[in-house]
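For the single chain, residues carry numbers from 1 onward in sequence order.
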Amino acid sequence: MTEIYEFEGKTLCNTSSVLGEGPTYDPDTDTVWWFNILGKELHELNLSTEEKKVHPLPMMASVLARIDANRQLLATEEGLFVRDIGSGNLTFYAAFENDNPENRSNDGRTHPSGALWISTMSKRAEPQAGAIYHVAGGRVTKIFSGISIPNSICFSPDGTIGYYTDTRISRLMRVMVDPQTGLPTGEPIVMVDSMDDPGGIDGSVCDSDGYIWNARWGAGVVDRYSPDGLRIARYKVPAAQPSCPAFIGVNADRLAVTTAWEGLDDTARSSQPQAGALLELGVTVKGVFDPVYVL
């Protein structure tokens, strides 16, 4: 039976994002980073000082991976770029789908090996126009294709299992992965089929015990799944469109989640003043930090 919990968290940042996405945490600076994809913004919040910054971007971006104290890797609609944290300058790193301006980057996460998985989708959400790519050492390899809205990219703590979904059909996929390279070693199988439930499986993150925390777009909840695909808990959030969770805090024991107001009419927005905010779920978790990307 799924335990259902009311929202007991808080708003970490009430800056309203049209499409908040791609949260990640830097433990060295106690900073949460996330994107407003459609607003072409990178957001930064220091948890210790509560200092907030918004960095305008020249293109839509959706995934950030730490490289070192001075650099980040960004997945954007125009390819992969290395961002200098101090200046904000972007340097082109690698291309993916640069011959297809109708697509943009969407979801992604760094594998324990230091490789990165990133996904693409149509800017108009055209069916089966998206894909998932493996990035390592500057080399980009397509690993899955024919996906409409690829999300939920995350990995088991030991790096042997990868997860992803097509939010449009709301099936969480499970695939065996080489822990040394982050490349798939088998064919994906359906681990969770929730097509008949309200909303859709969106962004996910895997905790240190192998449990998957999933933001369910359109349902206003974050679900927790066991490693065998059983939904064991559901946490309500005050926004109908949560998009992606991330472990935050110096002990990785807190959970943040981005949200969005994209597509909501005036009535829906007025009834959800926290739509588009960065929320904290209000639970104690055993999380893990996203690994750094190895150039």
Side-chain angles (χ1 to χ4, degrees), residues 1-10 12 20-25 107 109 111-112 117 149-177 179 186 188-249 251-260 274 278-291:
M1 176 181 292
T2 302
E3 296 285 343
I4 299 177
Y5 299 90
E6 297 297 325
F7 183 67
E8 297 182 354
K10 63 182 180 180
L12 286 174
E21 259 287 9
T24 191
Y25 174 76
D107 191 46
R109 198 170 297 277
H111 181 266
W117 283 22
I149 307 176
N151 275 306
S152 265
I153 294 173
C154 62
F155 306 97
S156 62
D158 63 3
T160 61
I161 303 171
Y163 302 96
Y164 71 91
T165 193
D166 184 341
T167 300
R168 177 160 290 166
I169 59 176
S170 201
R171 287 173 172 158
L172 184 63
M173 308 301 292
R174 181 181 190 270
V175 61
M176 300 307 296
V177 173
I189 62 171
V190 177
M191 189 178 87
V192 176
D193 187 341
S194 64
M195 289 183 64
D196 296 331
D197 296 340
I201 294 174
D202 205 314
S204 294
V205 68
C206 197
D207 67 24
S208 61
D209 292 323
Y211 287 76
I212 301 157
W213 296 78
N214 170 251
R216 192 166 183 88
W217 179 276
V221 297
V222 174
D223 289 327
R224 188 181 187 217
Y225 291 94
S226 66
D228 58 1
L230 179 66
R231 189 180 68 195
I232 60 172
R234 166 162 283 189
Y235 299 86
K236 296 181 181 179
V237 296
Q241 296 177 162
S243 54
C244 191
F247 300 118
I248 63 172
N251 297 313
D253 58 356
R254 301 160 61 187
L255 194 74
V257 59
T258 47
T259 67
Q274 289 159 294
L278 179 70
L279 305 176
E280 182 173 351
L281 200 57
V283 297
T284 300
V285 296
K286 294 173 62 179
V288 292
F289 296 128
D290 286 336

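Note that the OG1 atom of Thr258 and the CG atom of Asp202 stand 8.0 Å from one another [nearest 0.5 Å]. Lys10 contributes atom NZ, which lies 11.5 Å from atom CG of Leu279 (distance to the nearest 0.5 angstrom). For the atom pair CD1 of Ile4 and NZ of Lys236, the computed distance is 6.5 Å after rounding to the nearest 0.5 Å. A distance of 12.5 Å separates CD1 in Ile201 from OH in Tyr164, rounded to the nearest 0.5 Å. Note that CE of Met173 and CZ of Arg171 are 8.0 Å apart. Values are rounded to the nearest 0.5 Å. In this structure, Tyr163 OH and Ser204 OG are separated by 10.0 Å, a value rounded to the nearest 0.5 Å.
A donor-acceptor contact shorter than 3.5 Å is absent between the side chain of Arg231 and the backbone of Thr2. Distance alone, capped at 3.5 Å, places no donor-acceptor pair between the Asp107 side chain and the Pro150 backbone. Within the 3.5 Å criterion, the main-chain N or O of Ile153 finds a donor-acceptor partner in the side chain of Arg109. Panel note: side chain Ser156, backbone Gly210; no donor-acceptor pair is recorded below 3.5 Å. Proximity of a side-chain donor or acceptor of Asn214 to a complementary backbone N or O of Arg224 within less than 3.5 Å is not detected. Side-chain N or O atoms of Asp193 include one that pairs as donor or acceptor with a backbone N or O of Met195 at under 3.5 Å. In this structure, Ser208 contributes its side chain and Val288 its backbone to no donor-acceptor pair below 3.5 Å. In this structure, Asn151 contributes its side chain and Asp166 its backbone to no donor-acceptor pair below 3.5 Å. Of the possible donor and acceptor atoms, one in the side chain of Asp158 sits under 3.5 Å from a partner among the backbone N and O of Thr160. Listed for the Glu280 side chain is no donor-acceptor partner under 3.5 Å among the backbone atoms of Leu12.
Of all non-hydrogen atoms in Pro179 and His111, the two that sit nearest each other are O-CE1, 3.5 Å. Pairing each heavy atom of Pro23 with each of Ala246, the nearest pair is O-CB, 3.6 Å. Of all non-hydrogen atoms in Ser243 and Glu21, the two that sit nearest each other are CB-OE2, 3.7 Å. Looking at every heavy atom in both residues, Val221 comes nearest to Arg234 through CG2-NE, 3.5 Å. The minimum heavy-atom distance linking Cys244 with Gly22 is given by the pair CB-N, 4.4 Å. Nearest heavy atom pair, residue Cys154 against residue Ile212, reads SG-CG2, 4.4 Å.
Between Val222 and Arg216 the shortest side-chain heavy-atom distance does not fall below 4.5 Å. Residues Pro112 and Pro157 fail the side-chain proximity criterion, which asks for heavy atoms closer than 4.5 Å. For the pair Leu255/Val205, a side-chain contact is recorded, criterion being any heavy-atom separation below 4.5 Å from C-beta on. Contact annotation: the side chain of Leu172 approaches that of Ser152 to within less than 4.5 Å [non-hydrogen atoms, C-beta and beyond]. When side chains are defined from C-beta on, Pro242 does not count as touching Trp217, because their heavy atoms never get closer than 4.5 Å.
In this structure, Tyr5 and Tyr235 have parallel ring planes: the angle between them is below the 30° cut-off, well short of the 60° mark.
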Worked check of side chain to side chain contact (heavy atoms under 4.5 Å, CB included) between Thr259 and Gln241:
CA-CA 6 Å; Thr259 67; Gln241 296 177 162; 5.9 Å; no
Do Tyr25 and Phe289 pass the ring-ring contact (aromatic ring centres under 6.0 Å, His included) test, and can you show the C-alpha distance, the side-chain angles, and the key distance before you say yes or no?
CA-CA 7 Å; Tyr25 174 76; Phe289 296 128; 5.7 Å; yes
